[in-house]
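The structure appears right after this line, and notes come after that.
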Number of protein chains: 2
Amino acid sequence: MKLNLEEITKELKNKNIRLSHHRLKVLEFLNDNRIHPTVDQIYIQLHKELPTLSKTTVYNSLNALVDAGLVKVLTIEDNETRYDIVTDNHGHFKCESCGKIYDFEINLSSFQSKDLDDFKINNRDIYFKGICPDCIQQ
Amino acid sequence: MKLNLEEITKELKNKNIRLSHHRLKVLEFLNDNRIHPTVDQIYIQLHKELPTLSKTTVYNSLNALVDAGLVKVLTIEDNETRYDIVTDNHGHFKCESCGKIYDFEINLSSFQSKDLDDFKINNRDIYFKGICPDCIQQ
DNA sequence: AATAAGTTTGTAATCATTACAAGTTAGCAA
DNA sequence: TTGCTAACTTGTAATGATTACAAACTTATT
Ligand SMILES: [Mn+2]
Ligand SMILES: [Mn+2]
Ligand SMILES: [Zn+2]
Ligand SMILES: [Zn+2]
């Protein structure tokens, strides 16, 4: 999938965030590598192309992109923050054997609970864990 | 609700974990304060009664209780691990205004995703965020 | 080109969590 | 009851992720 730069620049402009060279690289990485990467995975890879890139910039860029709503944070594991360029609602499954994170489609609006009738829900995260088919076969 | 000590001791024994004085205190705190507390909240409170208690012991105790399946970890926020003595499946809602975490009932097994037909699911976490009724009224 | 606002960098600081070694306690068996 | 051993607790040090900050740099606008 190709990034729509005009669209993205517009989104960012609303929040006085510039689409700098490095931020674009981070976006490209997320777009080309749909693996819900950690900061380190992004940094190590991009640093090969951009030797002057600092890890702080990766953090700054990701925070700016999250603020602009272009990227979503995943806290499926408590010791590693991951990032997802797909912001449409979907569920995440982490394999406890190989560590891979899978997307799955799920109708989140069907998750109604009477207990929440009077609550304003802004965000829904669904995290499952278990064993993926590849690892079951071993 | 009263803790069933025999039951708990048996659970722990299976894993060679003793129900020591401090662990029992941590369990009691979780049982009496259904607020999904952080390590710090537990430590600060218990330290008043047990001045020699160290924070490491709170971590050790919680890890042991989680290993034994008596306590569940919540990673609803990436910068603070929380703990729940209620291990039955239920959802969690965090109010972005007051920070309070609410339980809600939800039938997780009734929501299947075809994408996960071949996956073995061990754990399901549902985290919602938004504004709670108390904060909406302000 | 001048300007101002936003960005990047490197380093230092912070915060949560774990590692470790030494001393203490609990549970079991003699 | 006593002693033994494994498990537990403690304090401190180490680790790892993330943020703070100031100086240098870049970008967009005039
Ligand atoms: Mn995803
Ligand atoms: Mn709960
Ligand atoms: Zn797997
Ligand atoms: Zn609230």
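Per chain, numbering begins at 1; letters A, B, ... match sequence-line order. Since the model is a prediction, treat every value here as computed from it, not as a measurement.
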### Query
Any chance CD of A:E28 has more than 12 other-residue heavy atoms, nucleotides or ligands included, within less than 6.0 Å?
yes

### Query
What is the distance from atom NZ of B:K100 to atom CG of B:D134, rounded to the nearest 0.5 Å?
6.0 Å

### Message
Expressed as a whole number of angstroms, how long is the span from B:E77:CD to C:dA16:C1'?
### Response
15 Å

#### Entry: N or O in side chain of B:T81 less than 4.0 angstrom from C:dT17 OP1/OP2
yes

## Note on the structure
Judged by nearest nucleotide, the residue sitting upstream toward the 5' end of DNA chain C, B:N60 or B:K13, is B:N60

### Query
Are a donor atom and an acceptor atom from the side chains of A:H36 and A:D103 found within less than 3.5 Å of each other?
yes

### Closest to side chain of A:T57, choosing from D:dT18, C:dT8, D:dC8
C:dT8

### Query
Is there a donor N/O on one and an acceptor N/O on the other, under 3.5 Å, for the side chain of A:R18 and the base of D:dA28?
no

### Query
Within this structure, what is the CD-to-P distance between A:Q41 and D:dG16, rounded to whole angstrom?
16 Å

#### Entry: Of B:K55 and B:D78, the one whose closest DNA chain D nucleotide lies more 5'
B:K55

### Query
Does D:dT10 have OP1 or OP2 sitting under 4.0 Å from an N or O in the side chain of B:T52?
yes

### Task
Name the closest nucleotide to the A:I17 side chain, picking from C:dT7, D:dT9, D:dT18.
C:dT7

### Task
May I have the distance from B:L50 (atom CG) to D:dC8 (atom P), rounded to whole angstrom?
17 Å

### Whole-Å distance separating the OH atom of A:Y43 from the C1' atom of D:dT18
15 Å

### Message
Using only atom types and a distance under 3.5 Å, with no angle test, would you say the side chain of A:T38 pairs donor to acceptor with the backbone of A:R82?
### Response
no

### Message
Categorize A:N63 for me: base, sugar-phosphate, or nothing, with a 4.0 angstrom heavy-atom threshold over every strand shown.
### Response
sugar-phosphate

### Query
Reckon B:H21 has a side-chain N or O less than 4.0 Å from the OP1 or OP2 of C:dA26?
no

#### Entry: Euclidean distance, atom CG of residue B:L12 to atom C1' of D:dC8 [Å, nearest integer]
13 Å

## Note on the structure
Rounded to whole Å, NZ of B:K15 lies from P of D:dC8 at a distance of 14 Å

### Task
Check whether any side-chain N or O of B:Y59 sits under 4.0 Å from OP1 or OP2 of C:dT18, and answer yes or no.
no

### Exercise: do A:D84 and A:H90 side chains pair donor with acceptor under 3.5 Å
yes

#### Entry: Contact under 4.0 Å: B:S20 side-chain N or O vs D:dT9 OP1/OP2
yes

### Query
Below 4.0 angstrom from OP1 or OP2 of C:dG6, is there any side-chain N or O of A:N16?
yes

### N/O donor-acceptor pair, side chain B:T56 with base D:dT12, under 3.5 angstrom
yes

### Message
Rounded to whole Å, how long is the line connecting atom NE2 of A:H22 with atom C1' of D:dC25?
### Response
11 Å

### Task
With heavy atoms under 4.0 Å as the rule, sort B:D40 into base, sugar-phosphate or nothing.
nothing

